[in-house]
Amino acid sequence: EVQLQASGGGLVQAGGSRRLSCDASGFTFADFVIGWFRQAPGKEPEGVACIRRGDGSTYYADSAKGRFTISTDNAKNAVYLQMNSLKPEDTAVYYCEADYPPNVTAWGTKGYRPNYWGQGTQVTVSS
């Protein structure tokens with residue numbers, strides 16, 4: 001059973017940083033694409049960033065480029081999202097998600113949603 005456990009959300013001031021963590025289990029980490037979606041109230045889900053463990057390919061939404069960094073700890077089957085220079089518009093519930101086949105470019109496709117996800121973690125950025 002695929003399990004994705006996200007943590008690290010909270011309240012942060014604009015301009016601050018936050019690191020989200022996701023512990024993954026129940027699948028071969030190297031075979032999947034794994035990353036983060038977010039959903040703000042009244043908005044469609046947005047693929048924020050993902051990484052394909054097999055070759056290290058990554059995807060970042062335009063809103064995340066230059067501010068967010070995705071990384072993995074393969075020994076722990078964990079994925080992280082380091083978020084810097086946070087803005088109020090980054091406020092959302094962030095979900096750790098994974099998919100197979102590991103299609104990195106699909107992450108930014110409108111209407112796409114991975115097959116596996118866990119409970120979200122709330123990030124609130126105050127102005």
Side-chain angles (χ1 to χ4, degrees):
E1 179 186 4
V2 174
Q3 293 191 349
L4 300 162
Q5 183 75 30
S7 60
L11 177 64
V12 61
Q13 288 189 331
S17 298
R18 200 80 182 179
R19 187 194 196 208
L20 305 183
S21 300
C22 175
D23 294 319
S25 62
F27 61 98
T28 302
F29 198 66
D31 291 343
F32 278 62
V33 58
I34 187 168
W36 300 88
F37 266 70
R38 69 184 181 185
Q39 188 166 18
K43 294 190 176 181
E44 292 293 315
E46 176 188 22
V48 178
C50 71
I51 187 167
R52 181 167 57 205
R53 164 67 182 88
D55 63 2
S57 296
T58 57
Y59 162 85
Y60 290 94
D62 287 343
S63 57
K65 287 178 182 175
R67 300 188 300 126
F68 294 3
T69 302
I70 190 167
S71 62
T72 61
D73 183 332
N74 300 318
K76 297 181 179 180
N77 276 6
V79 62
Y80 307 101
L81 186 68
Q82 178 66 43
M83 304 185 294
N84 299 328
S85 302
L86 283 163
K87 305 174 182 179
E89 50 264 44
D90 294 317
T91 295
V93 178
Y94 285 71
Y95 297 90
C96 179
E97 309 206 359
D99 210 359
Y100 182 86
N103 187 341
V104 170
T105 57
W107 215 260
T109 302
K110 185 176 182 180
Y112 165 78
R113 198 71 188 264
N115 286 313
Y116 306 98
W117 63 89
Q119 95 290 349
T121 187
Q122 174 73 46
V123 174
T124 302
V125 184
S126 62
S127 57

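We're numbering straight along the sequence, starting at 1.
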Item to check | Rounded distance (nearest 0.5 Å) linking atom SG of Cys22 with atom OH of Tyr80 | outcome: 9.5 Å
Item to check | Over all atoms of both residues, closest heavy-atom pair of Ala78 and Phe29 | outcome: O-CZ, 3.7 Å
Checklist entry - Taking NZ, NE, NH1 and NH2 as the nitrogens, is one of them in Asp62 or Lys65 under 4.0 Å from a carboxylate oxygen of the other? => result yes
Checklist entry - Could you go step by step and tell me if Val2 and Tyr100 meet the side chain to side chain contact (heavy atoms under 4.5 Å, CB included) rule? => result CA-CA 11 Å; Val2 174; Tyr100 182 86; over 6 Å; no
Next on the checklist: Are Trp107 and Tyr60, when compared by the centres of their aromatic rings, separated by less than 6.0 Å?
Outcome noted: no
Item to check | Side chain proximity check, Val79 to Trp36, heavy atoms < 4.5 angstrom | outcome: yes
Checklist entry - Between Tyr116 and Leu81, is there a shared hydrophobic cluster once you connect ILVMFWY residues whose side-chain heavy atoms come closer than 4.5 Å? => result yes
Checklist entry - How long is the gap from CZ on Phe27 to CZ on Phe32, to the nearest 0.5 Å? => result 6.0 Å
Item to check | Backbone of Ala92 reached by a side-chain donor or acceptor of Arg38 within 3.5 Å | outcome: no
Checklist entry - Taking all non-hydrogen atoms of both residues, which atom of Ala61 and which atom of Gly47 are closest, and how far apart? => result CB-O, 3.3 Å
Checklist outcome for this item: Here the gap from Phe37 atom CZ to Gln39 atom CD, rounded to the nearest 0.5 Å, amounts to 10.0 Å
Checklist entry - Stepwise, does the side chain to side chain contact (heavy atoms under 4.5 Å, CB included) test hold for Asn103 with Thr109? => result CA-CA 11 Å; Asn103 187 341; Thr109 302; over 6 Å; no
Checklist entry - Between Ser7 and Thr121, does a side chain to side chain contact (heavy atoms under 4.5 Å, CB included) hold up when you go through it step by step? => result CA-CA 6 Å; Ser7 60; Thr121 187; 5.5 Å; no
Checklist entry - Quick one: does Arg67's side chain have a donor or acceptor within less than 3.5 Å of a partner on Ser85's backbone? => result yes
Checklist entry - Between Glu44 and Lys110, is there a side-chain N and carboxylate O pair less than 4.0 Å apart? => result no
Checklist outcome for this item: Taking every heavy atom of Gly108 against every heavy atom of Tyr59, the minimum-distance pair comes out as CA-OH, 3.2 Å
Item to check | Atom pair NZ (Lys87) and OG (Ser127), whose distance is rounded to the nearest 0.5 Å | outcome: 14.0 Å
Checklist entry - Do Ile34 and Arg53 pass the side chain to side chain contact (heavy atoms under 4.5 Å, CB included) test, and can you show the C-alpha distance, the side-chain angles, and the key distance before you say yes or no? => result CA-CA 8 Å; Ile34 187 168; Arg53 164 67 182 88; over 6 Å; no
Item to check | Closest approach of Ser17 to Gln82 (non-hydrogen atoms, all atoms of both residues) | outcome: CB-NE2, 3.8 Å
Item to check | Flag, side chain of Thr91 to backbone of Val125, donor-acceptor distance under 3.5 Å | outcome: yes
Next on the checklist: Using a strict threshold of under 4.0 Å (side-chain N to carboxylate O), is an ion pair present between Asp90 and Arg18?
Outcome noted: no
Next on the checklist: On a heavy-atom basis, which atom in Arg113 and which in Pro45 lie closest, and how many Å separate them?
Outcome noted: NH1-CG, 3.3 Å
Checklist entry - Do Tyr94 and Ile51 share a hydrophobic cluster (ILVMFWY, side-chain heavy atoms under 4.5 Å, transitive)? => result yes
Checklist entry - Hey, any chance Phe68 and Tyr95 share a hydrophobic cluster, counting ILVMFWY side chains that come within less than 4.5 Å of each other, even indirectly? => result no
Next on the checklist: Counting C-beta onward and ignoring hydrogens, is there a side-chain heavy-atom pair between Tyr112 and Asp99 closer than 4.5 Å?
Outcome noted: yes
Checklist entry - Considering all heavy atoms of both residues, which atom of Gln119 and which atom of Leu4 are nearest to each other, and what is their separation? => result OE1-O, 3.8 Å
